[in-house]
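These numbers come from the heavy atoms of this one structure, side chains and all, not from hydrogens, waters or symmetry mates. From a predicted model like this one, the values you see are computed outputs, not experimental measurements. To find a chain, count down the sequence lines: A is the first, B the second, and so on, and within it residues start at 1.
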Amino acid sequence: MEPLFLYNTLTRQKEKFQPLNPPLVGMYVCGPTVYSDVHLGNCRTFISFDMIYRYLLHAGFKVRYVRNITDAGHLEGDLDEGDDKFAKKAKIEQVEPMEIVQKYTLGFHEVMALFNNLPPGIEPTATGHISEQIEMTKKIIVQGFAYVTNGTVYFDVEKYCTNNNYGILSNRKLDDLLTNTRELNGQDEKKGRLDFALWINAKPEHIMRWPSPWGWGFPGWHIECSAMSMKYLGEQFDIHGGGMDLIATHHTNEVAQSVACNSTQPVKYWMHTNMLTVNGARMSKSAGNGFLPKELFTGNHPLLERGYQPMVVRFFMMQTHYRSTLDFSNEALKASEKGFERMMNAIRLLDNLKISNSSSVNIAELKTLCYAAMNDDFNTPVLIAHLFDGVRLINSINDSKETITETDLVELKKLYHNFVFSVMGLKEETTAKNNDELAEGLMNAILAIRKEVRSKKDFTTSDLIRDELKKINIIVKDTKDGAVWEQEN
RNA sequence: GGUCCUGUGGCCGAGAGGCUAGGCUGAGCUCUGCAAAAGCUCCUACAGCGGUUCGAAUCCGCUCGGGACCUCCA
């Protein structure tokens, strides 16, 4: 197999992928903070990494995929004081914080399943790893990179910077970080402006709290990922992923914590997915321009003309490279829907293609092109372009304009099965498609009648049947092998 | 204010010094009783202005537009 190249945020270039301990691959992806519904932008990241996970598996790697659930410690704002997101939401909804966590964790899993994402091998929660986070914090203090103020433990960025490059991931200089920023207030406890909390002292009214060497409190946002990735993947592992928005703060701090704790760079390849935008602006929870997956599927949203099926949305995302912004619009979605249908129709044809003694099509070349696209930093849009070239071949073979041998056909089927289903994680949308026995029976009867009148050249009746069926979104097509029907959504 | 990314045909989106993306849409043709599907053909673009080069959408500079990060966010 040809080598795989991927873009490493750490070095800002594409690098040949060489795992630390092949064929094992350790991959950690920052999961959701479960205090509200995941929106489509969040989903894009998880879908992108699902594709990456799937391709690594397909390439023969033995991947340990860890994706966390953040269910504690994520504060509102960067003031390192006050309520965390769960406590705040719990107050609004008048329930326990863990009810919030449970509700949105279940919702998250439901959405992931709808998008046909494979579950990660390990899905650890922050609250399930409090002691690991405390241990790591202790070690960072021992190493001299953190200090305690009023029961809160802060990471000492300035101290860290004497021997380490804090801005290694974001490609920023410390001086710029210190000078170029907007005014923040309420930071009296910190020594340095960039310092961040590893452990946070819980105020009396704070519900989610655990005992620690520094009193009752809860973990900071960044420490969980460092502690949990270390626990399950080791002090050094291959891939750490997340959205690009996490680079500057969350991942920068993760690197600092791990280096301070273990004196080694924790991650070999940092991978980041780009943002989903709506009308050119980033989709985000705070901006209030987020789409919920459910709204997208049902079409129940002011900006949507109608609903789109999960696989159409997934295909839509696959048509853009994971490191490019993807702008969301009805037109783009509709175009993807048509294209997806076209591709799935061709794949269905694969089972009925006529075999010839020779091939007029070059399957080996197509296969080479597909792998080349994926090996070039998981370039799914280029992969799809090649697969559409193949769709034309399939249709031409079906129309007897091209020929294929049995061996080549087996290869071709394998190619589409591998790339479309296994790697891109797409599948047939089965909803309301010929799977209702009653509908099947009725349609057979109606089409039999239509066939009868057509044999008598009674096209008026024939067309009447077709037009009437169209009114209830049933499309009848006359092929050379007789009439077929399908339901439009 | 600082740092950085980006500007591709009607729309979406790849590519990245010389060859050509791909999807959707529109027009025409073939097939068909007619449709539909499918195939073929056409509409052949790289923000603007300069520069480097035999040659630039691709490199450099400037101008204009869009965006991200520096505050929580995938």
Worked check of salt bridge (Lys or Arg N to Asp or Glu O under 4.0 Å) between A:D467 and A:K470: CA-CA 5 Å; A:D467 293 344; A:K470 185 152 194 232; over 6 Å; no
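As rounded to the nearest Å, B:U8 and B:G67 have P atoms that lie 14 Å from one another. The separation of B:G65 from B:C72, taken at their P atoms, amounts to 30 Å, rounded to a whole angstrom. Taking the C1' atom of each, B:C62 and B:G10 are spaced 31 Å apart, rounded to whole Å. Atom name P, nucleotides B:C11 and B:U44: the rounded distance is 14 Å, in whole Å. Using C1' as the reference atom, B:C46 and B:A36 are 36 Å apart when rounded to the nearest Å. With P as the reference atom, B:C40 and B:A21 are 16 Å apart, rounded to whole Å. For B:U20 and B:A74, the P atoms lie 44 Å apart once the distance is rounded to whole Å. Rounded to the nearest Å, the gap between the P atom of B:C49 and that of B:A45 is 15 Å.
A sub-4.0 Å separation between OP1 or OP2 of B:U25 and a side-chain N or O of A:K334 is absent. In this model, the phosphate group of B:A74 is not approached by any side-chain N or O of A:R323 to a distance below 4.0 Å at OP1 or OP2. A close approach under 4.0 Å does not occur between any side-chain nitrogen or oxygen of A:N274 and OP1 or OP2 of B:A68. The phosphate of B:C70 (OP1 or OP2) has a side-chain N or O of A:T249 nearer than 4.0 angstrom. A close approach under 4.0 Å does not occur between any side-chain nitrogen or oxygen of A:R67 and OP1 or OP2 of B:A74.
Among the heavy atoms of the strands lying under 4.0 Å from A:R392 are primed sugar atoms or P, OP1, OP2 only; no base atom is included.
With its ring centre under 5.5 Å from that of the base six-membered ring and a plane angle below 30°, A:F459 counts as stacked on B:G33.
Judged purely by distance below 3.5 Å, without hydrogens or angles, the side chains of A:R314 and A:N117 pair a donor atom with an acceptor atom.
Between atom CG of residue A:N444 and atom CH2 of residue A:W485 there is a gap of 8.5 Å, rounded to the nearest 0.5 Å.
Remark: aromatic rings of A:Y65 and A:Y232 are distant, center separation not under 6.0 Å. Centroid-to-centroid, the aromatic rings of A:Y28 and A:H240 come within less than 6.0 Å.
When the nearest nucleotides of RNA chain B are assigned to A:V391 and A:F315 by heavy-atom distance, the more 5′-ward of the two goes with A:F315. Nucleotides of RNA chain B nearest to A:M275 and A:R172 differ in position, and the one nearer the 5' end is that of A:R172.
Nucleotide B:U20: unpaired (no Watson-Crick or G-U wobble partner with both distances less than 3.5 Å). The pairing partner recorded for B:C40 is B:G28, the criterion being a Watson-Crick or G-U wobble arrangement whose two distances lie under 3.5 angstrom.
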